[in-house]
Novice: 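Pasting in a structure now, in structure tokens, and then I'll have a few things to ask.
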Amino acid sequence: MSTSEQSDLVTQRRKKLESIVALGFAAYPERYDCTHSLRQIVDAYSSHTAEQLTAERVNVRVAGRVMTIRPHGKAGFAHLQSGGARLQIYVRLDAVGERGFELYKLLDLGDLVGVEGYLFRTRTGELSVHAERLMFLAKALLPLPEKWHGLSDVEIRYRQRYVDLMVNPEVRDTFVKRSRMVRAIRDFMDAEGYIEVETPMMQPLAGGAMARPFVTHHNALDLKLYLRVAPELYLKRLIVGGLERVYEINRNFRNEGISTQHNPEFTMLEFYQAYADYHEMIALTERLLKQVAETVNGSLGFEFAGQRISLERFERLTMKEAVVRHWPEGAAGPKLEDLADPKAIPPWVDTYNGWARSSGREPLEVDRKASPGAALQALFEEVAERHLVQPTFITDFPLEVSPLSKQRPDDPNYVERFELYIAGMEIANAFSELNDPEEQRRRFQYQQMLREKGDLTAHAIDEDYIRALSYGLPPTGGEGIGIDRLAMLLTDSKSIRDVILFPLLRPQPTESS
RNA sequence: GGGCCGGUAGCUCAAUGGUGGAGCACUGCCCUUUUAAGGCAGGGGUUCUGGGUUCGAGUCCCAGCCGGCUCACCA
């Protein structure tokens, strides 16, 4: 790992670079004009026979990274890799000349080269470039990982993603797919009449979600700033201003734990639609996810962590129904009517904990004085969440855990809100937006009270947001969708780090420090 | 933060407490249709770090560093 251990290999390669320069090649030339990408050649000529290629004589100039080298005396082969495609080149002394062949002999795995020649098929039938000119483009001073086991050390894969991408094709595929997914989302939102906006990442108040923020400081203004935990409050200000359908795809930052489902910075799609409510958000979510899955995977069904998941049908359950349905087998659980009275909910935490202790599980840590809503949510997350494998909208969230949602007209203890679960993961969170400034102030005051009791994730009072609501926010539906988790689902990635190019790791200890 | 697991050559991995190895990669030589090319000959190690036990530690013990999984928190 240390540079001293690699110095032999690096020194050898430096000397080869000197030899290449001595042959008259630039060490780091400016450019190389290709006639084709490797992908274009593979796509266009993989069905051509040897005879067709000979008859047509297709001249090409291509470039790529050397991934294999097989020298044979006065000739030799190599594979170039570029853009996710590989193409073999055949280099003979009598075709490329002394200088070109000297260059070939000085090549190392990982070097970048350009080749000019014509397409042909080898005796074994592989489409190849018969090289007539070889061009040196850049040196790999560091050696590539082993050629068929690739790179499997996850720490190096995350820390040196560039190497991971070079040698593990499925990693490249995952990130290409993620890009197509985001493209499909933008296409969908645009077609729905939404406009894409960007709102502040640095905010004087960190609102819009219950999470601990990162703190930073602006020197010139001598101002404490938070990296945003959500864009929500700004996007709704835009609805007030008359941008009636807005979305943003961007990073949120939450100063919480790291896990296979959590990275401190993660990407969220958030969107708001005036004159809509959470029912419309449910309908839109279904259409969005179906279209995205079709575009990315060509199917509504996919495999995730060994489970077959289908976006054909989306189930709906209220939070209470989910708790009742998924209460652990063998434990005496509540019926729906047992949860009707909010005051009846917290005792079920004790019931659950009794069962948990007797069966060797961790009991829930819910404050005895926690609100009925917090108790219900805790129960839901403990007993139900992991069972929600097929897409399921959970509706009817408790008021106390939903400071920005509109109350249900028929039951003010609950709000018009849903979360979408797939494969046991929370994928989306949406609600009919609370647009009564007086009620919003009371919600903020409740949050403030939680804050003073030590809950660092509770909202601070945002006076300007209340002012914006006071100008009149139309009835509005809003939603956030976790882009990384959606990418996990569509690429069958078990860890969020496998869909984030550079996941956060502790910095590598350096030898000097 | 807790629990469990891991860290040996550039990479992938071996090695009862008893002289640290293999394959690939690398170096030299041979080879003008190979593809895990082949043949011959070589070089390469602070076994993550620091202590301890022992005649002797990659191996056992303790502490630390880094990572993975998992639980907690959260999305």
Side-chain angles (χ1 to χ4, degrees), chain A residues 1-13 15-16 50 67-79 86 88-96 101 108-110 120-126 128 130 140-159 163 167 209-212 229-230 252-268 270 361-365 377-378 381-382 385 419-421 425-429 455-457 480-486 488 494-497 503 505-511 513:
Chain A
M1 188 44 77
S2 75
T3 47
S4 60
E5 285 167 12
Q6 289 176 347
S7 62
D8 273 1
L9 292 165
V10 174
T11 304
Q12 282 167 5
R13 290 184 173 214
K15 281 183 181 153
K16 286 192 186 180
M67 299 305 285
T68 66
I69 302 178
R70 291 177 298 280
H72 289 261
K74 295 183 179 59
F77 295 90
H79 273 108
R86 277 193 186 200
Q88 183 172 255
I89 64 169
Y90 177 51
V91 184
R92 311 169 43 133
L93 171 60
D94 55 16
V96 299
F101 202 71
D108 284 304
L109 296 181
F120 78 114
R121 280 193 187 278
T122 62
R123 203 168 280 165
T124 56
E126 180 164 346
S128 308
H130 200 294
L141 294 172
L142 292 171
L144 252 41
E146 211 252 9
K147 66 183 171 191
W148 57 86
H149 294 101
L151 180 65
S152 59
D153 183 317
V154 284
E155 185 171 353
I156 304 177
R157 287 187 45 228
Y158 296 151
R159 288 194 195 280
V163 180
V167 300
M210 314 263 275
R212 297 176 63 174
V229 295
N252 290 345
F253 307 87
R254 299 191 184 175
N255 207 338
E256 309 277 0
I258 295 175
S259 79
T260 49
Q261 291 176 40
H262 301 87
N263 194 61
E265 54 178 307
F266 65 103
T267 303
M268 185 94 119
E270 235 178 78
R361 287 165 181 273
E362 279 292 306
L364 281 174
E365 284 179 41
Q377 189 178 37
E381 287 171 1
E382 180 66 20
E385 196 175 301
E419 287 184 349
L420 171 64
Y421 286 84
M425 286 194 291
E426 183 191 332
I427 299 299
N429 178 19
D455 183 353
L456 296 172
T457 71
I481 295 180
I483 293 296
D484 312 278
R485 289 183 180 177
L486 194 56
M488 288 169 67
K494 282 170 285 298
S495 170
I496 199 169
R497 291 181 209 96
L505 298 186
R506 205 181 286 273
Q508 220 160 6
T510 54
E511 281 154 43
S513 65

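Worth saying up front: this structure is predicted, and the values here are computed from it rather than measured. We name chains A, B, ... by the order of the sequence lines, and we start the count at 1 in each one.
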Novice: Can you tell me how the ring of Tyr90(A) sits relative to the ring of His130(A), calling it parallel under 30°, perpendicular over 60° and tilted otherwise?
Specialist: perpendicular

Novice: Side-chain N or O of Arg497(A) versus OP1/OP2 of C69(B): is the shortest distance under 4.0 Å?
Specialist: yes

Novice: So for Asp8(A) and U27(B), does any side-chain atom that can act as donor or acceptor lie under 3.5 Å from a complementary atom in the base?
Specialist: no

Novice: Crowded around Arg86(A) CZ? As in, over 12 foreign heavy atoms under 6.0 Å?
Specialist: yes

Novice: With C1' as the reference atom in both, quote the distance from A15(B) to G20(B) in angstrom, rounded to an integer.
Specialist: 7 Å

Novice: State whether the aromatic ring of Phe77(A) stacks on the base of A37(B), taking stacking to mean ring centres under 5.5 Å apart and ring planes under 30° to each other.
Specialist: no

Novice: Is the phosphate of A25(B), meaning OP1 or OP2, less than 4.0 Å from a side-chain N or O of Lys147(A)?
Specialist: yes

Novice: If the P atom of G42(B) is compared with that of G23(B), how far apart are they to the nearest Å?
Specialist: 13 Å

Novice: So which protein N/O to nucleotides 47-50 of chain B N/O distances come out below 3.5 Å?
Specialist:
none

Novice: Whole Å only: how far is the CG atom of Leu93(A) from the P atom of C30(B)?
Specialist: 13 Å

Novice: Would you say G67(B) has OP1 or OP2 under 4.0 Å from some side-chain N or O of Arg159(A)?
Specialist: yes

Novice: Only pairs with both distances under 3.5 Å count, Watson-Crick or wobble alike; so what is the partner of G1(B) in this structure?
Specialist: C71(B)

Novice: Using Watson-Crick or G-U wobble geometry with both distances below 3.5 Å, tell me the partner of A63(B), or none.
Specialist: U49(B)

Novice: What about Arg70(A), does its side chain sit under 3.5 Å from the base of U34(B) through a donor-acceptor pair?
Specialist: yes

Novice: Let's test this: given Watson-Crick or G-U wobble pairing with both distances under 3.5 Å, identify the partner of C40(B).
Specialist: G28(B)

Novice: Whom does G21(B) pair with, Watson-Crick or G-U wobble, provided both distances fall under 3.5 Å?
Specialist: C13(B)

